[in-house]
Amino acid sequence: MKDFSRKLIGWYETHRRDLPWRQTTNPYHIWLSEVILQQTRVDQGLSYYLKFLKLFPTVHDLAGSSEDQVLKAWQGLGYYSRARNLHHTAQLVVEHGQGLFPMNYDGLIKLKGIGPYTAAAIASFAYNEKKPVIDGNVVRVLSRIYGIEHAIDSKEGKNAISQLAEEMIDPRNPASYNQAIMEFGALHCTPRLPQCDSCPFHSSCFAFAKKRVSDFPFKKKKTRVKNLWITYFHIDEPRYVWIRKRGLDGIWKGLYDFPGIESESEPDLGLQLTEFLKSQALKKRDCVISSSEPYLHILTHRRIHARFIHIKTKSKMSNPLSDWIRIAKTNLSQYGVPRLVEKYLAGDSR
DNA sequence: AAGCCGGGGGA
DNA sequence: TCCCCAGGCTT
């Protein structure tokens, strides 16, 4: 619909925020910004975008770094698979594309970490290809205006939205249209308290006409939260500290933390400490032991109850597990750690 | 289709 | 508290 695009882009031109990734058509810059902004607010991602451009000015710099360096730079932003995929894709682009990104949506979406949204964003912003972006903002705007009565996390809901998005995109200005509809959702047609009174689509919005704005969009499922208890052993030798790299497929994969024990019910701290000391043949009189206050770390799908047991000792561990790493304390800051550990280290790690 | 993956902000 | 954020991957 031509009128929709005209009004939308008109709104955008007067209300748009001045954001650095809107000043460029460089696919590397666009890709970086889009991955950083996946499930992440602009306010939260902006400083990371600037930091990444400074640390890794080109895709060659990113590819030439280590995954650990990328994860360290990503520390605190969450969803760390994004950082691992970013590094992987940078290396692939350098090795198989001479540092050039694929020139269209179909090529982009084959890359790790680039799904339908990100491929459409890069294709439209960098190449002006006519592919509609469908993010949380777009879903909200379209579902309200058209009154989508299907759950947006169902197949029917997704089909309805993507069909509408295809019809609505402005073939003359795909890049501007995509920027505009996302910005409109982010600033005007917000999840709560949208500014319907001053909305340019006031008279053509189904949800507003029916006084059902808060009904759209809706989901069928909500994620449920599981409790997780972690007991960390902060083994503090005079010049060294033990850490471990998190592997497998769980939370914080690729980051570092302390050796520890995880459980889905509340553990017996005294027992865990006793068994730890026994396993390392440590005598209590050879250590200074203190326990941190409990840390409650709230995530979307987890409530993590963490406790840091600080064990100051001059003894060397007699039986470290295979994934433990002994590093100089002065090097600890080079390792990417979860926010939880970062907070502990910044606070009462004495 | 459903589950999993972080961290933070707004109401 | 609850919901959501310029989503994507795995099972």
Side-chain angles (χ1 to χ4, degrees), chain A residues 12 16-17 19-22 30-49 71 74-86 88-89 108-125 131-141 151-159 165 175 177-187 189-194 214 217-226 228 246 248-255 257 295-304 336-343:
Chain A
Y12 177 61
R16 59 179 286 181
R17 291 168 290 182
L19 300 170
W21 47 85
R22 289 181 174 160
I30 308 241
W31 169 62
L32 213 47
S33 71
E34 293 303 339
V35 174
I36 286 171
L37 292 173
Q38 287 167 7
Q39 291 291 287
T40 303
R41 293 164 196 277
V42 166
D43 293 341
Q44 192 186 356
L46 179 56
S47 66
Y48 284 85
Y49 174 74
L71 280 165
W74 200 270
Q75 175 176 309
L77 195 54
Y79 286 144
Y80 296 93
S81 65
R82 291 184 292 172
R84 300 195 307 270
N85 289 335
L86 201 70
H88 179 273
T89 291
L108 288 163
I109 202 168
K110 292 177 183 159
L111 300 175
K112 223 171 239 177
I114 298 185
Y117 165 76
T118 305
I122 301 172
S124 62
F125 301 151
K131 290 285 180 185
V133 290
I134 301 176
D135 73 332
N137 294 306
V138 174
V139 168
R140 187 168 55 255
V141 171
I152 54 152
D153 55 349
S154 69
K155 189 161 82 174
E156 294 86 348
K158 288 176 184 169
N159 286 344
Y177 171 89
N178 278 341
Q179 291 282 12
I181 191 167
M182 286 196 289
E183 190 78 333
F184 182 71
L187 299 183
C189 191
T190 48
R192 263 169 287 204
L193 304 181
S214 62
F218 68 93
K219 294 181 182 171
K220 54 178 174 179
K221 291 229 160 177
K222 41 184 158 189
T223 60
R224 74 154 182 277
V225 181
K226 289 203 282 192
L228 178 67
R246 298 186 62 91
L248 301 177
D249 283 324
I251 193 171
W252 299 323
K253 183 183 177 187
L255 295 186
D257 59 3
Y295 282 70
L296 181 60
H297 191 61
I298 307 285
L299 302 175
T300 304
H301 58 297
R302 287 271 191 281
R303 287 168 58 90
I304 299 178
V337 299
R339 277 290 281 149
L340 168 65
V341 175
E342 189 184 353
K343 285 176 180 169

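Proteins get letters first, then strands, A, B, ... in listed order; numbering begins at 1 in each. All values reported here derive from a predicted model rather than from experimental measurement.
Not counting sequence neighbours, the partners of Glu342(A) by the salt bridge (charged side-chain N to carboxylate O under 4.0 Å, His left out) test are Arg339(A). Looking at residues two or more places apart in sequence or on another chain, you find no side-chain contact (heavy atoms from CB on, under 4.5 Å) involving Arg224(A). For Tyr12(A), there are no ring pair (Phe, Tyr, Trp, His ring centres under 6.0 Å) partners, not counting sequence neighbours. Residues passing the salt bridge (charged side-chain N to carboxylate O under 4.0 Å, His left out) test with Arg192(A), sequence neighbours excluded: none. Annotation: ring pair (Phe, Tyr, Trp, His ring centres under 6.0 Å) contacts of Trp21(A) (sequence neighbours excluded): Tyr49(A). Not counting sequence neighbours, the partners of Lys253(A) by the salt bridge (charged side-chain N to carboxylate O under 4.0 Å, His left out) test are Asp249(A). Looking at residues two or more places apart in sequence or on another chain, you find no salt bridge (charged side-chain N to carboxylate O under 4.0 Å, His left out) involving Arg41(A). Listed by chain and residue number, nothing satisfies the ring pair (Phe, Tyr, Trp, His ring centres under 6.0 Å) test with Tyr177(A) (two or more places apart in sequence, or in another chain). For Thr89(A), there are no side chain to side chain donor-acceptor pair (under 3.5 Å) partners two or more places apart in sequence or in a different chain.
Taking the charged nitrogens against the carboxylate oxygens, Lys221(A) and Asp153(A) have no contact shorter than 4.0 Å, which rules out a salt bridge. Salt-bridge check for Arg82(A) with Glu34(A): failed, with every basic side-chain N at 4.0 Å or more from each acidic carboxylate O.
From the 5' end on, the contacts that DNA chain C makes with chain A at under 4.0 Å to a non-hydrogen atom open and close at dC2(C) to dC9(C).
With P as the reference atom, dC4(B) and dA6(C) are 24 Å apart, rounded to whole Å. Comparing the P positions of dG8(B) and dG8(C) gives an interatomic distance of 22 Å, to the nearest angstrom.
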Could you run through nucleotides 5-11 of chain B and give me one letter per nucleotide, 5' to 3': B if any protein heavy atom sits under 4.0 Å from the base, S if only the sugar-phosphate is that close, - if neither?
BBBBBB-

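Sequence order on DNA chain C of the closest nucleotides to Lys112(A) and Asn137(A) puts Asn137(A) first from the 5' end. Taking for each of Leu37(A) and Ile114(A) the nucleotide of DNA chain C with the nearest heavy atom, the 5'-most of the two is the partner of Leu37(A).
If you check every strand for non-hydrogen atoms under 4.0 Å, Arg22(A) touches a base. When heavy atoms are screened at a 4.0 angstrom cut-off, Lys220(A) is found touching the sugar-phosphate backbone but no base atom. Among the protein residues, Trp21(A) comes within range of the nucleic acid bases, having at least one heavy atom under 4.0 Å from a base atom.
Stretches of at least 3 consecutive Watson-Crick or G-U wobble pairs, with each checked distance under 3.5 Å, appear in DNA chain B as B:1-5 with C:7-11, B:7-11 with C:1-5.
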